[in-house]
Novice: 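Here it is, the structure in full.
Heavy atoms only: backbone and side chains are in, while hydrogens, waters and symmetry mates are out.
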Amino acid sequence: MYRFQFNSGITSLVLILMLCTTASYSQDVQVAAAITPRHIQFNEKATLELTISGNTQMKHIGTPTFDFLPDFLAVPLHSKATPYLVDNKIAVKMAWIYELIPQKVGKIALSDVQFSYQGVPYIANPGAIIVSAVDTYRHTVTGGIHKIDAKISNSKPYLNEPIAYEFRYLYTTVLPTMEAITPILPKFPEFFVEELSEQDGVTETINGITYQVHKYVRRLYPQETGKVLINPAYMKLPIKGNPKTLKTKPIALTVQNLPEIGKPANFDGAVGDYKVTAQVDRNRLEVRKTLTLSLTISGKGNLHTVKPPSVTSVSGFRIEPPIQSESNSPNNRIFTYVVMPIKSGILQIPTIEFACFNPKERNYQISKTVPISITALPNSNGVVSTDSTSQSTLLVLTVIPIIAGIILAIFVLYRVKLKPNRGSTQADTATPATNAFGALEALREGKLETNRTTFEEALSRILYQYLCELEGLTYRKLNTTEIQAICQKANIPERVQKEFLDILSKCDYHRFSPVLMSSEERNTLISRADLIVHHFEEA
């Protein structure tokens, strides 16, 4: 029994000595675990520095151990030893540097780090670290929260359907900086983009926190079908010494093609909610005079891609291709057509249809204009209508060959026997306009073309001849400056001047072109020239 007590006393004494030794070492050895910075974003990294030092000679120092998973990945960067003298003995301070890569968002309390010196364990705790999302930042001085987000109004739009892209900057306090804070919005290559006005001064409460909100809005019209990814937007916060860049999430959407079921034959790609109306500048005019037909397409949608309705084959009229006119409203498009009645009587511009796909209703819709009545009077210059009653038509068909034969005989006699100079004028009863109209009609019927005279030469000669006769000049080819001077003198609008020069330019081009004009192209040029002469006569 005594023997047992003796052994127990020895054991207790050894334990007391060991504890005293450990305490002595503990007083001489210091360990630390420091993290910088304490507040990072998810796309940033923190630095962990572990150190062990003391006032005694450092031997048998083990590498610290810790495990921060699954909150952080720890990547060792380097270690360093710093020797120094203590009581004429060499002591060493050891440091290990790690890079911490966050794996989640939130306030994270890190576990202990265990050090080892001469087999004795030492513990240090690095504390907590705050990891914010890539779109959020909390200012360490003011405590203000700054965050951004981006969203779209529809993730499954139809082709060319308008959707809204909204970027928001939310903050609880103003940053202590004089620099402007401006977002970097993504490019939108797959969309037609309209920039809308910015919105400021709005407040919003989220999770009990009230934010000031600044909005940047873009209206997008998808131009490609299939899956589309809108890249993240960025905002740089100009924080002194440590600027931060916030980043939104990318946005995925699927653009649907327009349905084939129910698609009208005259559908031309318009997507939206549109109405079409028509009006004319006058309802009563003479044959071969012109009026202006205006078609207005109004509503909601991508009006920049709206095409004018096709208005070509209308009985009793000759209609020129449309021209887009200026509009005082961003919500409509106006297309004007030059219309010429080619027969007398009560004529009618019929209903004109405009087809569109309404994405809200998910169906095709057709808007129609109201028919417009036009009173076409016989021409005061005696120009014969191209379409009259059957009796008038029969009379014209009987008389024209006789008149044509007489004119041809007089022309041959005039050229062969009298041989007048080029500068000679026609009969006193002829005017420059009637000469031009007659020559254009003859050109339309192919009577002015010979093996030595091309269509282009003949047409340009008629126009030059008309201007020279107006000015009392001997025929010659006029230059651009002279033509513009004559037009301005006659108060011809600039639009008509450009049309005149365009016709002459096309004639010059096709004279040397290896491809001949089609009959349709020729008739179109003749009709345009005919309208030019009418503009001069009406000026």
Side-chain angles (χ1 to χ4, degrees), residues 34-48 68-73 100-111 125-155 163-186 188 195-220 229-253:
I35 291 179
T36 54
R38 288 283 179 180
H39 190 173
I40 63 174
Q41 293 173 258
F42 188 75
N43 59 338
E44 295 180 323
K45 300 171 184 177
T47 300
L48 171 66
F68 294 161
L69 290 175
D71 301 326
F72 287 90
L73 292 177
L100 298 184
I101 304 174
Q103 301 299 297
K104 71 176 186 180
V105 173
K107 185 176 182 179
I108 303 169
L110 299 178
S111 60
N125 188 278
I129 182 172
I130 298 175
V131 180
S132 298
V134 293
D135 58 3
T136 305
Y137 171 72
R138 185 186 295 270
H139 194 251
T140 55
V141 177
T142 63
I145 302 174
H146 302 263
K147 61 189 301 181
I148 61 174
D149 62 27
K151 61 182 179 180
I152 56 174
S153 59
N154 185 1
S155 62
I163 59 175
Y165 171 90
E166 182 180 271
F167 173 91
R168 299 191 307 167
Y169 169 44
L170 305 94
Y171 55 95
T172 57
T173 60
V174 178
L175 279 175
T177 177
M178 296 298 293
E179 296 184 42
I181 303 176
T182 305
I184 303 173
L185 300 185
F188 303 99
E195 182 174 341
L196 305 183
S197 59
E198 300 177 12
Q199 301 177 23
D200 201 359
V202 181
T203 61
E204 184 173 342
T205 301
I206 304 174
N207 297 328
I209 302 174
T210 300
Y211 293 89
Q212 296 290 324
V213 184
H214 194 103
K215 297 181 181 180
Y216 302 80
V217 183
R218 302 289 184 269
R219 183 174 290 133
L220 307 180
L229 185 69
I230 299 177
N231 291 324
Y234 297 85
M235 173 172 278
K236 184 177 180 180
L237 301 179
I239 303 168
K240 186 177 181 180
N242 187 23
K244 296 286 183 178
T245 299
L246 305 183
K247 176 184 176 183
T248 67
K249 296 178 181 179
I251 302 175
L253 63 156

Novice: Just wondering, do Ile148 and Tyr234 contact through their side chains at under 4.5 Å, heavy atoms?
Specialist: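 Heavy-atom side-chain distance check fails, nothing below 4.5 Å.
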Novice: To the closest 0.5 Å, what do you measure between CD1 (Ile163) and OG (Ser155)?
Specialist: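 Reported value, rounded in 0.5 Å steps: 9.0 Å.
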Novice: Is there a side-chain contact between Leu237 and Leu246, using heavy atoms and a 4.5 Å cut-off?
Specialist: yes
Novice: Is the closest side-chain heavy-atom distance between Phe188 and Ile230 below 4.5 Å?
Specialist: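 Yes. Closest side-chain heavy atoms under 4.5 Å.
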Novice: Between atom CG of Leu110 and atom CZ of Phe68, what is the distance when rounded to the nearest 0.5 Å?
Specialist: 4.5 Å
Novice: Looking only at non-hydrogen atoms, find the nearest pair between Ala46 and Ile35 and report the distance.
Specialist: CB-CG2, 4.2 Å
Novice: Please report the C-alpha distance between Leu100 and Thr47 in whole Å, then the side-chain angles of each, then the deciding distance to 0.1 Å, and finally whether the side chain to side chain contact (heavy atoms under 4.5 Å, CB included) criterion is met.
Specialist: CA-CA 6 Å; Leu100 298 184; Thr47 300; over 6 Å; no
Novice: Which word best sums up how the rings of His139 and His146 line up, parallel for under 30°, tilted for 30 to 60°, or perpendicular for over 60°?
Specialist: perpendicular
Novice: Apply ring pair (Phe, Tyr, Trp, His ring centres under 6.0 Å) to Phe42 and list each qualifying residue two or more places apart in sequence or on a separate chain.
Specialist: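 Residues passing ring pair (Phe, Tyr, Trp, His ring centres under 6.0 Å) with Phe42: none at all.
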Novice: If I compare all heavy atoms of Leu175 with all of Pro238, which pair ends up nearest, and what's the gap?
Specialist: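 Leu175 and Pro238 have their closest heavy atoms at CD1-CD, 4.4 Å.
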Novice: Inspect the surroundings of NZ in Lys244 and state if more than 12 heavy atoms from other residues, nucleotides or ligands are less than 6.0 Å away.
Specialist: yes
Novice: Side chain to side chain contact (heavy atoms under 4.5 Å, CB included) for Val217 and Gln199? Distances and angles first, verdict last.
Specialist: CA-CA 8 Å; Val217 183; Gln199 301 177 23; 4.3 Å; yes
Novice: Could you report the tightest heavy-atom contact between Lys247 and Pro232, atom names first, then the distance?
Specialist: CE-CG, 3.8 Å
Novice: Which residues pass the side chain to side chain donor-acceptor pair (under 3.5 Å) test with Glu179, not counting sequence neighbours?
Specialist: none
Novice: Please report the closest heavy-atom contact between Pro102 and Val131, naming both atoms and the distance.
Specialist: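 Pro102 and Val131 have their closest heavy atoms at CB-CG1, 3.8 Å.
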Novice: Contact between Ile251 and Leu229 at the side-chain level, heavy atoms closer than 4.5 Å - yes or no?
Specialist: no
Novice: Would you call Met235 and Pro183 a side-chain contact if the rule is heavy atoms closer than 4.5 Å?
Specialist: yes
Novice: How would you list, by chain and number, every residue that makes a side chain to side chain donor-acceptor pair (under 3.5 Å) with Tyr171, sequence neighbours excluded?
Specialist: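 Result, side chain to side chain donor-acceptor pair (under 3.5 Å) vs Tyr171: none returned.
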Novice: Are the side chain of Thr248 and the backbone N or O of Ala233 linked by a donor-acceptor pair below 3.5 Å?
Specialist: yes
Novice: List the atom of Thr142, the atom of Pro176, and the distance in Å for their closest heavy-atom pair.
Specialist: CG2-CD, 4.5 Å
Novice: Could you give all pairs that pass the salt bridge (Lys or Arg N to Asp or Glu O under 4.0 Å) test and reach residues 125-150, with sequence neighbours left out?
Specialist: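 Of all non-adjacent pairs touching residues 125-150, those that pass salt bridge (Lys or Arg N to Asp or Glu O under 4.0 Å) are Asp149-Arg168.
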Novice: Can you tell me how far apart CD1 (Ile40) and CD1 (Ile130) are? Round to the nearest 0.5 Å.
Specialist: 10.5 Å
Novice: If we ignore hydrogens and angles and just use 3.5 Å, is the side chain of Asp71 paired with the main-chain N or O of Lys104 as donor and acceptor?
Specialist: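 A pair under 3.5 Å: no.
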Novice: Given side chains that start at C-beta, do those of Tyr165 and Pro186 come closer than 4.5 Å, heavy atoms only?
Specialist: yes
Novice: Could you go through Tyr216 and Tyr169, starting from their C-alpha distance and side-chain angles, then the distance that decides it, and tell me whether this counts as ring-ring contact (aromatic ring centres under 6.0 Å, His included)?
Specialist: CA-CA 9 Å; Tyr216 302 80; Tyr169 169 44; 8.5 Å; no
Novice: Enter the distance from Leu48:CG to Thr36:OG1 here, rounded to the nearest 0.5 Å.
Specialist: 9.0 Å
Novice: Which donor-acceptor pairs under 3.5 Å do side chains of residues 206-214 form with protein atoms, sequence neighbours excluded?
Specialist:
{"from": "Thr210", "atom 1": "OG1", "to": "Thr205", "atom 2": "OG1", "distance (Å)": "3.3"}
{"from": "His214", "atom 1": "ND1", "to": "Asp200", "atom 2": "OD1", "distance (Å)": "3.2"}
{"from": "His214", "atom 1": "ND1", "to": "Asp200", "atom 2": "OD2", "distance (Å)": "3.1"}
{"from": "His214", "atom 1": "NE2", "to": "Glu198", "atom 2": "OE1", "distance (Å)": "3.1"}

Novice: If you round to the nearest 0.5 Å, how far is OG1 of Thr245 from OH of Tyr137?
Specialist: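 The OG1 atom of Thr245 is 11.5 Å from OH of Tyr137, to the nearest 0.5 Å.
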Novice: In chain order, what residues pass the side chain to side chain donor-acceptor pair (under 3.5 Å) check against Arg38, with sequence neighbours excluded?
Specialist: none
Novice: Looking at every heavy atom in both Lys236 and Ile181, which two are closest together, and how far apart are they?
Specialist: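 Looks like O-CG2, 4.1 Å.
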Novice: Can a donor-acceptor pair be found, under 3.5 Å and without considering hydrogens, that links the side chain of Glu166 to the backbone of Lys151?
Specialist: no
